[in-house]
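Structure record follows, encoded as structure tokens.
All chains are named by letter (A, B, ...) in the order of the sequence lines, taking the proteins before the strands, and each is independently numbered beginning at 1.
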Amino acid sequence: MNAQPLRELFEAGISEDDRRWLADLVPGSGSATPGQLRAAFTGLGRRAGRELLGPQAAALAAQGITGAARWDRATLGRVALLIAWLPTQPQDRQVDAVRELYLRGDYREQVAVLASLACLPDPARFVPLAAEASRTNVTDVFAAIACENAFPALHLPDLNFNQLVLKALFVGLDTHRIVGLPARVTARLHRMVGDFADERRAAGRSVPADIAYIQSLNEGSER
Amino acid sequence: MKIFDHHVHMTSRTTDDYQGMAAAGIVAIVEPSFWLGQPRTHVGTFEDYFLSLVGWERFRASQFGIHHYCTIGLNPKEANNPSVAAGVMELLPIYLEKESCVAVGEIGFDDQTPAETRYFEAQLELARKSRLPVLIHTPHRDKKEGVRNTIAAVKASGIDPAWVLVDHNNEETIELTLDSGCWAGHSIYPGTKMDETRMVALIRRYGTERITINSAADWGISDPLKVPKTLAAMRSAGLGEDVIETIAWRNPVAFFAQSERLELLNKADHLAIDQRALWQGNSVLRGQQPTVEPRR
């Protein structure tokens, strides 16, 4: 993906001071060291703020970026940085570099890493990271991989994808927000969701309405 | 009344504590990085600790409606450990950039060794460069001399004393600290440090300007409700509501707001609680009904 429009979109919304700060750490040519990238990625949290993108999200959707309507300005900046920077790194360092950024981020940074995954070159390399993120207990981080994110349905194996759907049910996320869920429904997922409903009934608890939604979807084939 | 406990080590506390704190009116806390009761043997364990302060612990606090901020620093005890100290210093510039980090701290003196002095000075310089306030621990042993040395280091650094909070003061040190232009913090503790009654007497004598209180609760015998308990003692002693609110909220907010990273002033009193995420298979709730409050 070409990151230049993303960075331009982002830079239009920050102060001259912050543009200079960013250009010092990460020049447009993308030749930053991992340490510089990390400092810029972290520092954007305070400098770019939490204002949601609003209408700008439509421009991103046109480029095939899902979920930008829920991004704040810092997330846009971080996604733009990561997409531009990663290809400048040696091929055999790229997976570790993304993982480092995730592991050493606070949760808003982690959200931005996960939002970037589907836009990075050769995204299937990041399956282990996405699977790890799907196990987080921090709600916002889990939502960043599970919801409005094209990555899980495109790349996660059945085991991880099914676990992600079950966890979304557990934590009460609207499973309509899982991109590409209908195409990933299998007999196994139906069985898991049905068992979960039985477990809830046996415990005298309510059954999430989304279970009926998933059960109403037709099964595809496992992969 | 909104309460801000600006020094409490929640990583060492339970969810019962969080519930009690929220019920007592605590809506914001600062968790300073400190030592964990035993020496760390790797720089990596420091990094994971810093990450939990900006990550999991912050999330845990939010589940009880409490805003969680932290301070990041190399604590004085472990400044004496050459196998980790230099490596931790290399981590600081990145962790001081984290958005929930509102000060450098807790730094200062423990045994008052040359290594402690060196790292204290280096971190004062980092605070100046990062435009962050400083939270300073003062020693238990040879305390008065420790406070004098602390103030001398602050003066020599060129940092504005209004950006420095010298903590764990008592009757013997408060004048030294206030005269220096620094803020004077007081940790209210069962048994050691300050207690509620003595704190009431200090406020009667010195007023409220640049004076704060905190629980400094940690993994030892300590009490995360000491701030509300002290406020109650102030009320029983007949101190006015304006004085109480200044100590409970305005002063710690004014000090840490200098970081420009406190978001408390423009937000509702406390975070809207949404525990639905946690009602099964999670380390905060264990099958209870989740509490969900409307977003404000």
Side-chain angles (χ1 to χ4, degrees), chain A residues 17 21-22 25 33-50 72-75 78 100-112 134-143 146-147 163 166-174 196 199-200 203-206 208, chain B residues 43-44 46-63 68-70 72 90-102 129-132 259-263 266-267 271-292:
Chain A
D17 259 9
W21 165 83
L22 187 60
L25 278 171
T33 65
Q36 287 172 314
L37 190 274
R38 196 179 155 197
F41 203 79
T42 298
L44 278 181
R46 293 186 293 110
R47 290 175 170 84
R50 297 183 179 220
D72 56 22
R73 298 205 50 79
T75 303
R78 285 166 170 163
E100 286 274 289
L101 215 48
Y102 176 80
L103 286 181
R104 294 174 165 192
D106 64 23
Y107 55 81
R108 289 180 71 216
E109 293 173 68
Q110 294 183 330
V111 163
S134 307
R135 297 183 200 108
T136 179
N137 282 340
V138 179
T139 327
D140 289 351
V141 179
F142 178 70
C147 300
Q163 288 292 336
L166 264 283
K167 183 149 182 151
L169 288 170
F170 279 136
V171 303
L173 285 176
D174 177 355
F196 176 49
E199 208 180 289
R200 298 281 301 169
R205 299 188 177 123
S206 63
Chain B
V43 174
F46 267 92
E47 182 159 28
D48 287 340
Y49 174 63
F50 294 156
L51 280 167
S52 76
L53 294 183
V54 301
W56 178 243
E57 199 54 45
R58 196 176 172 208
F59 175 69
R60 223 164 66 97
S62 76
Q63 295 303 295
H68 184 285
Y69 296 94
C70 68
I72 296 284
E90 282 178 31
L91 293 176
L92 294 185
I94 290 200
Y95 286 92
L96 292 176
E97 272 289 328
K98 299 286 183 185
E99 62 186 15
S100 62
C101 171
V102 290
K129 275 195 195 145
S130 316
R131 279 186 269 173
L132 278 173
S259 67
E260 297 183 6
R261 302 185 195 182
L262 272 195
E263 294 175 330
N266 305 319
K267 275 199 180 167
L271 294 169
I273 295 175
D274 184 350
Q275 292 183 328
R276 282 170 301 186
L278 305 167
W279 60 266
Q280 198 161 12
N282 187 285
S283 47
V284 180
L285 292 190
R286 293 281 188 247
Q288 305 92 320
Q289 269 306 106
T291 302
V292 181

With rounding to the nearest 0.5 Å, note down the distance linking [atom1] in [X] to [atom2] in [Y].
X        : Y        : atom1 : atom2 : answer
B:Lys98  : A:Arg46  : NZ    : CZ    : 11.5 Å
B:Ser62  : A:Tyr107 : OG    : OH    : 5.0 Å
A:Asn137 : B:Trp56  : CG    : CH2   : 4.5 Å
B:Leu91  : A:Arg104 : CG    : CZ    : 7.0 Å
B:Glu97  : A:Phe41  : CD    : CZ    : 13.5 Å

Could you tell me which portion of [X] (side chain, backbone, both or neither) has an atom closer than 4.5 angstrom to a non-hydrogen atom of chain B?
X        : result
A:Glu109 : side chain
A:Leu103 : backbone
A:Arg108 : side chain

Checking B:Leu51, B:Leu53, B:Val54 against A:Asp106 for side chain to side chain contact (heavy atoms under 4.5 Å, CB included), the one that qualifies is B:Val54
Run the salt bridge (Lys or Arg N to Asp or Glu O under 4.0 Å) test on B:Glu99 and A:Arg50 for me, step by step, so that the C-alpha distance in whole Å, both residues' side-chain angles and the decisive distance to 0.1 Å come before the verdict.
CA-CA 11 Å; B:Glu99 62 186 15; A:Arg50 297 183 179 220; 2.9 Å; yes
Structural part of B:Glu47 lying under 4.5 Å from a heavy atom of chain A:
side chain
Heavy-atom distance under 4.5 Å to chain A: side chain of B:Phe50, backbone, both or neither?
neither
Report yes if the side chains of B:Phe59 and A:Val141 come closer than 4.5 Å at any heavy-atom pair, otherwise no.
no
